[in-house]
Amino acid sequence: VQLQAFGGGLVQPGGSLVLSCVVSGVTFDEYAISWFRQAPGKEREGVSCISHSGMSTYYTNSVKGRFTISRDDAKSTVHLQMSSLEPEDTAVYYCAADDGVLGHGCSKFPDHYGMKHWGKGTQVTVSS
């Protein structure tokens with residue numbers, strides 16, 4: 001199973017970025033996908049999760065109304081649209097996957113232990 005996250009970068013406060021996570025090695029439409037982030041000196045934090053069906057989405061309170069998660073099953077890709085970015089959003093962002101049919105799916109979100117497969121992160125820096 002491979003997860004590849006990309007789309008990070010440097011953006012000014014108030015700006016926008018779209019992160020993408022491409023997943024291979026699994027039946028994509030059976031897997032819930034989550035985004036987590038970790039800032040220096042802080043614990044890993046659950047940001048958002050989308051169920052394997054795409055019918056349910058979850059967000060941590062600090063990003064509600066600013067971030068939108070979506071999935072494109074045809075491309076085995078999940079996107080995280082981030083807008084109104086704040087310096088506090090600066091972190092390495094990771095995508096993770098878990099079987100939504102036989103595993104935890106999003107049920108353990110925002111806890112990270114519910115996600116079985118992880119990709120390498122992509123850096124997001126919000127700074128003027």
Check: Which ILVMFWY residues are connected to Leu19, directly or by a chain of links, through side-chain heavy atoms under 4.5 Å apart?
Finding: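 The other cluster members (ILVMFWY side chains, heavy atoms under 4.5 Å, direct or chained) are Val1, Leu3, Val11, Leu17, Val23, Val26, Phe28, Tyr31, Ile33, Trp35, Val47, Ile50, Tyr59, Val63, Phe67, Ile69, Val78, Leu80, Met82, Leu85, Tyr93, Val124, Val126.
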How long is the span from the [atom1] atom in [X] to the [atom2] atom in [Y], to the nearest 0.5 Å?
X: Tyr94; Y: Cys21; atom1: OH; atom2: SG; result: 13.5 Å
X: Gln2; Y: Gln4; atom1: CD; atom2: CD; result: 8.0 Å
X: His104; Y: Ser34; atom1: NE2; atom2: OG; result: 12.0 Å

Notebook entry, point to check: For His112, does the NE2 atom have more than 12 heavy-atom neighbours from other residues, nucleotides or ligands under 6.0 Å away?
Noted result: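 Open.
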Check: Near Gln123 CD, under 6.0 Å, is it more than 12 heavy atoms from other residues, nucleotides or ligands?
Finding: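 Yes, enclosed.
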Notebook entry, point to check: Cut-off 3.5 Å, side chains only: do Thr125 and Ser127 have a donor facing an acceptor?
Noted result: no
Item checked: Minimum side-chain heavy-atom gap Pro87-Pro13 below 4.5 Å ->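 Pro87 reaches Pro13 side chain to side chain.
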Next item on the list: Answer whether the closest heavy-atom distance between the side chains of Pro110 and Glu45 falls below 4.5 Å.
Entry: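 SC-SC contact between Pro110 and Glu45 ruled out.
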At their closest point, which heavy atom of [X] faces which heavy atom of [Y], and how far apart are they?
X: Gly105; Y: Met115; answer: O-SD, 3.6 Å
X: Ala5; Y: Cys95; answer: CB-SG, 4.0 Å
X: Arg37; Y: Ser62; answer: NH2-OG, 3.4 Å
X: Thr122; Y: Gly7; answer: OG1-N, 4.1 Å

Can you tell me if [X] uses its side chain to pair, donor with acceptor, with the backbone of [Y] under 3.5 Å?
X: Asp29; Y: Asp73; answer: no
X: Arg71; Y: Ala32; answer: no
X: Ser84; Y: Gly14; answer: no

Check: Using 30° and 60° as the class limits, which term best fits the ring planes of Phe36 and Trp118: parallel, tilted or perpendicular?
Finding: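 The arrangement is tilted - the two ring planes meet at 30° to 60°.
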Margin query: Quick test of your reading of the model: are Asp89 and Arg66 salt-bridged, counting only N-O distances below 4.0 Å?
Written below: yes
Margin query: Assess the residue pair His52 and Val101 against the criterion (side-chain contact (heavy atoms from CB on, under 4.5 Å)); give the C-alpha distance rounded to whole Å, side-chain angles, the decisive distance to 0.1 Å, and a yes or no.
Written below: CA-CA 8 Å; His52 69 284; Val101 178; 4.1 Å; yes
